[in-house]
Amino acid sequence: METIFSKIINKEIPSDIYYEDKVVIAIMDINPVHEGHFLVIPKEYSKNLKDIDDKVFKYLLFKAKQLAKKKIKELNVSGFQLIINNGKESGQEVMHTHVHIIPSEK
Ligand code: AMP
C-alpha cells in the first residue's frame, strides 16, 4: 500500500527526520498543533492498530515513549499527548499506522 508515509520511508520525498532505525522512522509533523509535534511511523506497512503486527506495535510504543521523553526534555516542557487515530471516523487521514507525539505545557 503506497501512502505519503511509505514515500517518506523510502526517501522518495523529503521530510524532517527526528529519528530512524530499522523498524521505525520519526518525522516532524508538517502541520504541528504544538511546537515539537512529531510522528512515529513503523516501516512495515499496516493501516492502523486493527492490522498491525503485535511485535511491531510493542516496539512502536516503546520508541514513541522514549522519543517523547527526549523531545520534552529538549523543549523543556512538562508533558505530552500520545495519540493514534484508527480509521477515517476517528480522524485518521493517512492510512499508514502512525503515533502522534504532541508536547504540552504545565
Ligand atoms: P492523522 O489524521 O492521524 O492521519 O494524521 C496525519 C498527520 O500527518 C497530520 O498531522 C499531518 O499534518 C501529517 N502529515 C501529512 N503529510 C505529512 C508530511 N509530508 N510530512 C509530515 N507530516 C505529514
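Side chains included, hydrogens not; waters and symmetry mates left out as well; all remaining heavy atoms used. When a ligand or atom number is given, it counts from 1 through the structure's own listing order.
A cation-pi contact, defined as under 6.0 Å to the ring centre and within 45° of the axis, links Lys71 to Tyr18.
Side-chain contact between Ile27 and Ile8: present, with at least one pair of heavy atoms (C-beta onward) separated by less than 4.5 Å.
Under 3.5 Å, the side chains of Tyr19 and Asp21 contain a donor-acceptor pair of N or O atoms.
Formation of a donor-acceptor pair under 3.5 Å by the His98 side chain with backbone atoms of His96 is found in this model.
Summarising the geometry, atom CD1 belonging to Ile102 is positioned 8.0 Å from atom CG belonging to Asp29; distances are rounded to the nearest 0.5 Å.
Protein residues with any heavy atom under 4.0 Å from ligand 1: Ile4, Phe5, Ile8, Ile27, Met28, Asp29, Ile30, Asn31, Leu39, Asn85, Gly91, Gln92, Glu93, Val94, His98, His100.
Applying the salt bridge (Lys or Arg N to Asp or Glu O under 4.0 Å) test to Lys11 and every residue at least two apart in sequence or in another chain returns Glu20.
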